[in-house]
Trainee: 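Pasting a structure below so you can have a look.
Protein chains get the first letters and strands the later ones, always in sequence-line order, with residue 1 at the start of each.
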Number of protein chains: 2
Amino acid sequence: VIIHKTQLYEDKPDVILTSYILEDSPSFLNGGRRPAVIVCPGGAYLYCGEREGEPVALRFAAMGYHAFLLRYSTYARSRADAMFLPADPPVNPDSVYPAPMRDIGKAFLLLHENARRWLIDTDRIAVCGFSAGGHNCAMYAVNWDKPVISQYFGQPPEKFRPAAAILGYPITDYHLQLAAKLDEAGKALFQLANIAYFGTKTPTREQLDLASPYRHISKSTPPVFLWATSADELVPVQQTAQMAAELAWAGVPFEVHIFEGGRHAMSLADQASASSRTQVDDKVAKWVDLAAAWLKTRFALPLPE
Amino acid sequence: VIIHKTQLYEDKPDVILTSYILEDSPSFLNGGRRPAVIVCPGGAYLYCGEREGEPVALRFAAMGYHAFLLRYSTYARSRADAMFLPADPPVNPDSVYPAPMRDIGKAFLLLHENARRWLIDTDRIAVCGFSAGGHNCAMYAVNWDKPVISQYFGQPPEKFRPAAAILGYPITDYHLQLAAKLDEAGKALFQLANIAYFGTKTPTREQLDLASPYRHISKSTPPVFLWATSADELVPVQQTAQMAAELAWAGVPFEVHIFEGGRHAMSLADQASASSRTQVDDKVAKWVDLAAAWLKTRFALPLPE
């Protein structure tokens, strides 16, 4: 695997795409192109978390897909920086909608530009996000063919088409999210998250509608794999259930796995993505195999007999 | 395993509980009591299907639980009989609500009566149903402590308490079900199913409300494991998504697995429950292992160190 980091914009040193490109040889695909997965970690639009980053990208690389870790626009540079923010910090225009979603579009353009060199099958690029990163991927999945992406970049929508979206404990309904009964830490987190993503502590109804991807599902929404835990106390699981129902109404193929146990942000739920034992759960960890099986129905490598 | 059949009512020769009792010995639990699972097959309240019967009961027996197959009250005696019904047959009062749900209550009483002899842990009896059988189990799960069960039998509610419910592609919202766009065969089936369960082709709004278990979830609803397939063309999967959301609102522990592929009535989705290859699907078959892992968190056998 060849790893390199690309800064997506000259003036944004923190928006970085880390590529995990699988090297080809006659022992593998012999010039054939591989599908790719772009991973978006969570972090409440305040930072991009480590636990949902490289360990996840490596997992997709281990499945035989090129993997890309996208550190999209967030309020602060790191989790450490985000933890020392005052309660009411100034707006950072770089992290406000639609910047984080457009970063995914920018990553798609980079993959298309380098498709021949990296042997990427650009018809099969998936996005995979967690929590706020799941929200960002869900927003992208319902907006990739809208002017907010393609017109902004002046490129045809085909260059932005995701072939699948894998969403872990995502925010999909900002109305439900902001009405949720959270503890004090959760409330404080979302006050900051609102400043990061909406540029205000008190987003308007219109802002919340726009940022609720379940409302914008259409025939151009790619197939979706959703997973979450019913015990999630930060992002209520009703959002995942509602998103599933809306995908069904729209006729978009989908799969959903809601595990009973497990707190918010389980990531892979195994030791590779954990900083404590509460982040390890054998039952929740099954989502990875389920997602791999689901993805393989669309992303099977082009192997000869 | 000791298998025997019990006719639950003298005057109803078709309502039969088949018991698969695991024999104890010092090599096993040495007098310890085992949890039990009562299985309710589907069949649109017209019959109890074979594919969701014994193969499922054997699977739970193979997990170490006593298993019971309940042939609850249905319109016809068999699938073969149901297939030759006229379009508008007379009402069979035996299969009309709440008879099928009460049959589960009757089975609970039988398990409690024989608990010592069969070494059943009566605090840990689960119900597991599919399609109409999933509806029947869901109805039971939200009604077991209501007068419609306990007052009818003149027994305290404790004797009817289910410890868990496992529901496969269940009907949980009869309004959604009867509004679904079905093909001609599906429409004809539900016309008969309505006569079987409601005693009329055109149930009232009140009847549909009463028969929609998602509306009656409460704190006394046991933990629920739901599974379905998004490609189900007979029982739209929105019902499962909605049930999940309502369980979350009520704070009832639950787990949900919606697989993308697979038609209605996959049962175990393996060769043990199939009459054709379309009823076999390795991905869908994972529900059994997921359900076993979920059940084990509550139903672990009382093994010494």
Trainee: More than 12 non-hydrogen atoms from neighbouring residues, nucleotides or ligands closer than 6.0 Å to NZ on A:Lys146, yes or no?
Mentor: yes

Trainee: Does atom CZ of B:Arg298 have more than 12 heavy-atom neighbours from other groups under 6.0 Å away?
Mentor: yes

Trainee: Check each atom of B:Trp227 against the heavy atoms of chain A and say whether the ones under 4.5 Å are side chain, backbone, both or neither.
Mentor: neither

Trainee: Is the backbone of A:Glu260 close enough, under 3.5 Å, to the side chain of B:Glu255 for a donor and an acceptor to pair up by distance?
Mentor: yes

Trainee: For each of B:Ala244, B:Ala241, B:Pro236, B:Ala228, tally heavy-atom pairs with chain A at distances under 4.5 Å, and name the one with the top tally.
Mentor: B:Ala241

Trainee: Tell me which of these, A:Val256, A:Asp282, A:Leu290, A:Thr229, has more heavy-atom pairs under 4.5 Å with chain B than the rest.
Mentor: A:Val256

Trainee: Which distance, rounded to the nearest 0.5 Å, do you find between the CD of A:Gln242 and the CD of B:Gln242?
Mentor: 11.0 Å

Trainee: Taking the six-membered ring for Trp, are A:His257 and B:His257 parallel (under 30°), tilted (30 to 60°) or perpendicular (over 60°)?
Mentor: tilted

Trainee: Quick one: CZ on B:Phe254 to CZ on A:Phe259, what's the gap to the nearest 0.5 Å?
Mentor: 12.5 Å

Trainee: What heavy-atom pair brings B:Ala245 and A:Gln238 nearest, and what distance separates the two atoms?
Mentor: O-CG, 3.8 Å

Trainee: Going from CG on A:Asp289 to CG on B:Asp289, what distance comes out if it is rounded to the nearest 0.5 angstrom?
Mentor: 11.5 Å

